Engineer: 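The structure under discussion is supplied below as structure tokens; questions concerning it will follow.
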Amino acid sequence: MELHELSMGEAIELLEKGEISSVDLTKSLLERIQATEPLIHAYLKVDRDQALSQAEKADEMRAKGRGTRLTGIPCGIKDVLCTEGITTTCGSRILENFVPPFDATLVGNLKKAGAVILGKQNMDEFAMGSSCENSAFGPTRNPWDLNAIPGGSSGGSAASVSACSSFFSIGTDTGGSIRQPASHCGVVGLKPTYGRVSRFGLVAYASSLDQAGPLARTVADAADVLQVIAGHDPQDSTSAPKEAPDYQSALLKGVKSLKLGVPKEYFVEGTDPEVEEAVKNAISHLESLGAELVPVSLPHTEYALPTYYIVAPAEASSNLARYDGVRYGLSVRDPEDDLKDMYKKTRTTGFGPEVLRRIMLGTYALSAGYYDAYYGKACQVRTLIKQDFEKCFKEVDAIVCPVAPTPAFDIGQKVDDPMQMYLSDIFTLAVNMAGLPGLSLPCGVSAGNRPIGLQIMAPHFAEETLLTVGHAFESTTDHHQKRPSLKAA
Ligand code: GLN
């Protein structure tokens with residue numbers, strides 16, 4: 001067995017015993033990246049020298065007895081999180097050469113814990129998309145089937161964990177971007193509660209929804225990563241002043257006393273029959289482990305999609321106003337141009353079509369005369385969605401349902417049809433609208449060899465419940481052990 005094939009838990013054990021070094025592990029992962037990148041294109045930038053020097057430091061940390069569980073473990077970071085001295089492009093031409101002068105807080109926390117950062121991972125431009133096809137630097141491919149999308153927007157992060165070219169990755173989830181690609185690539189993705197993980201240094205898409213979290217090969221691995229990145233950050237005014245509990249101890253609690261809600265609105269026509277079957281089997285399995293299943297209703301679910309596609313573009317149109325050619329990234333101007341010409345040329349050259357579409361949608365929704373009808377109304381509906389969950393969580397501890405209505409679709413299949421693309425987010429958006437935590441974990445593979453995910457949702461700051469349910473499922477099934485064979489198409 002090669003080192004990159006170890007589970008993260010096994011790698012930690014060998015590092016702790018001193019049987020392998022982080023430098024060995026990092027070299028093995030760098031080789032794996034070289035072998036898999038021509039097929040999947042999960043990384044936008046690999047920093048070999050920095051990774052190896054961090055690995056050396058990690059080995060020293062362990063030798064001095066100052067190691068944490070993540071010390072020496074190689075990982076990847078979605079290219080929307082600032083990394084000091086390494087380009088942070090957000091998958092966009094407009095930031096192609098942007099090198100941040102600081103680390104995002106969570107990147108700094110990972111470094112302090114001794115994790116080794118291999119590089120930056122591909123994504124839909126500014127995290128807008130569900131297939132990773134909106135990257136200005138070419139799509140990522142799904143390691144299970146190179147003709148399939150890996151999901152998005154954290155497509156590079158999910159594909160890399162699945163292809164074993166990183167032990168874990170950090171993605172972000174504004175409307176499903178951790179959970180949906182995790183589901184399509186057969187890995188675990190955890191979207192923490194809004195405010196649980198610092199957003200300082202996360203380039204903003206929709207600030208009231210964005211949240212960063214781990215993608216990993218097992219629920220236990222995700223717990224280890226969450227432990228390091230969760231917690232209050234005075235530099236992010238939206239981060240919650242709450243200490244993170246011990247997530248590893250949540251893993252072993254078992255589901256015996258838990259009530260799991262099964263929402264009827266998530267089992268509707270239009271869902272692929274293979275997805276429905278795999279998810280229903282997974283839910284029955286949880287029942288056989290002792291959980292009590294309770295039919296529940298989230299009546300405003302159907303409004304999550306239209307509401308999200310008002311709120312997120314509105315916030316994006318405001319956040320993306322800063323890319324005007326003056327301070328950040330690309331600047332396009334001819335000698336005779338005035339300021340307005342420069343803004344226009346920079347933005348039309350620098351942004352791709354989906355980003356431009358959302359800026360226009362969002363600007364319209366916020367404009368005088370339309371604000372109340374669109375943005376104001378969407379905020380009201382958002383409250384109703386949140387109240388559905390509050391009511392539901394009075395009865396149950398967690399909710400179980402599909403992550404996405406279909407397994408991964410083909411590259412090119414939906415890219416010219418934004419409505420179809422938006423519909424692939426139908427089961428993930430409500431969690432973000434309500435600020436809740438959500439977990440996606442593998443629960444099957446379709447006849448066409450494309451993975452299927454189970455989604456678990458929990459009340460605010462109840463990540464422990466997600467980990468309990470997820471680990472109970474995982475430790476009694478083998479879906480998470482299946483890996484793609486990754487052969488050239
Ligand atoms: N697919 C959704 C969108 O395009 C969600 C993206 C995300 O979570 N960043 O907006």
Side-chain angles (χ1 to χ4, degrees), residues 6-17 62 65-73 75 106 109-110 112-115 167-168 170 178-179 182 187-198 211-233 239-260 282 285-286 289-292 393 396-400 436-442 454-477 479-481:
L6 294 171
S7 74
M8 188 169 118
E10 288 165 340
I12 293 172
E13 218 181 293
L14 293 176
L15 284 168
E16 277 172 355
K17 286 194 201 145
R62 283 207 184 264
R66 284 197 278 110
T68 70
R69 282 183 65 77
L70 291 194
T71 304
I73 299 291
C75 67
L106 81 83
N109 289 344
L110 286 171
K112 263 185 245 146
F167 279 102
F168 71 89
I170 301 293
I178 290 176
R179 290 159 289 153
V187 300
V188 170
L190 196 162
K191 182 245 169 226
T193 307
Y194 184 78
R196 177 77 285 183
V197 174
S198 168
Q211 181 61 197
L215 292 104
R217 286 183 225 151
T218 67
V219 174
D221 294 351
D224 275 331
V225 181
L226 183 64
Q227 197 72 58
V228 170
I229 62 174
H232 181 233
D233 177 11
S239 104
K242 264 177 179 293
E243 254 186 60
D246 175 13
Y247 290 119
Q248 281 293 330
S249 67
L251 294 173
L252 298 172
K253 286 187 183 149
V255 292
K256 271 218 171 77
S257 54
L258 292 184
K259 286 187 178 171
L260 302 179
H285 181 72
L286 287 166
L289 296 177
E292 183 188 336
F393 286 130
V396 298
D397 300 290
I399 292 170
V400 282
L436 300 170
L439 180 74
S440 164
L441 74 164
L454 168 72
Q455 178 168 216
I456 310 170
M457 308 165 172
H460 291 119
F461 298 100
E463 282 82 2
E464 288 164 287
T465 310
L466 298 179
L467 297 170
T468 301
V469 180
H471 187 72
F473 181 79
E474 207 176 69
S475 52
T476 51
T477 54
H479 302 291
H480 63 289
Q481 283 163 353

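Computed from a predicted model, the values in this text were never measured in an experiment.
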Engineer: Would you say that Pro214 contacts Ile229 through its side chain, given a criterion of any heavy-atom pair below 4.5 Å between the two side chains?
Structural biologist: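 When only atoms from C-beta onward are counted, Ile229 and Pro214 do touch, with a gap below 4.5 Å.
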
Engineer: Thr465 and Thr468: side chain to side chain donor-acceptor pair (under 3.5 Å), yes or no, with the steps?
Structural biologist: CA-CA 5 Å; Thr465 310; Thr468 301; 5.8 Å; no

Engineer: What's the spacing between Leu286 CG and Leu260 CG if we round to 0.5 Å?
Structural biologist: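 Answer rounded to 0.5 Å: 6.0 Å.
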
Engineer: Nearest 0.5 angstrom please: Leu467 CG to Lys253 NZ, how far?
Structural biologist: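 With rounding to 0.5 Å, CG (Leu467) is 9.5 Å from NZ (Lys253).
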
Engineer: Applying side chain to side chain contact (heavy atoms under 4.5 Å, CB included) to Asp233 and Ser239, what does each step give before you reach the verdict?
Structural biologist: CA-CA 6 Å; Asp233 177 11; Ser239 104; 4.0 Å; yes

Engineer: Leu441 versus Ile456: any side-chain heavy-atom pair under 4.5 Å?
Structural biologist: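 Leu441 reaches Ile456 side chain to side chain.
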
Engineer: Can you tell me how far apart CG (Leu70) and CZ (Phe167) are? Round to the nearest 0.5 Å.
Structural biologist: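 Those atoms lie 11.5 Å apart.
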
Engineer: So which of His460, Lys242, Gln211, Glu463 actually passes side-chain hydrogen bond (donor to acceptor under 3.5 Å, both in side chains) with Thr193?
Structural biologist: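 Among His460, Lys242, Gln211, Glu463, the one that satisfies the side-chain hydrogen bond (donor to acceptor under 3.5 Å, both in side chains) with Thr193 is Glu463.
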
Engineer: Any salt bridge between Asp397 and Lys259, counting N to O under 4.0 Å?
Structural biologist: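 Salt bridge between Asp397 and Lys259, a charged N being under 4.0 Å from a carboxylate O: no.
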
Engineer: Working note: Thr477 + His285, criterion side chain to side chain donor-acceptor pair (under 3.5 Å); need CA distance, chi angles, decisive distance, verdict.
Structural biologist: CA-CA 9 Å; Thr477 54; His285 181 72; 5.3 Å; no

Engineer: Return yes if some donor-acceptor pair links the side-chain N/O of Gln455 with the main-chain N/O of Arg179 below 3.5 Å, else return no.
Structural biologist: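 No, the answer is negative, given that no donor and acceptor are paired below the 3.5 Å cut-off.
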
Engineer: To the nearest 0.5 angstrom, please state how far the OG1 atom of Thr71 sits from the CD atom of Glu16.
Structural biologist: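 Taking OG1 in Thr71 and CD in Glu16, the distance rounds to 9.0 Å.
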
Engineer: Find the distance between CD (Glu464) and CD (Gln248) and round it off to the nearest 0.5 Å.
Structural biologist: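 Here the interatomic distance stands at 11.5 Å.
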
Engineer: Does the side chain of Val469 reach to within under 4.5 Å of the side chain of Leu439, using non-hydrogen atoms?
Structural biologist: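 With C-beta onward as the side chain, the pair stays apart.
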
Engineer: Any side-chain heavy atom of Lys256 within less than 4.5 Å of one from Leu289?
Structural biologist: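 Side chain of Lys256 against side chain of Leu289, heavy atoms only: no contact under 4.5 Å found.
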
Engineer: Ignoring hydrogens, what is the shortest heavy-atom contact between Ser440 and Ala182? Give both atom names and the distance.
Structural biologist: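 Shortest heavy-atom contact: OG-CB, 4.0 Å.
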
Engineer: Can you measure from CG (Asp221) to CZ (Phe168) and round to the nearest 0.5 angstrom?
Structural biologist: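 Interatomic distance, Asp221 CG to Phe168 CZ, rounded to 0.5 Å: 9.5 Å.
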
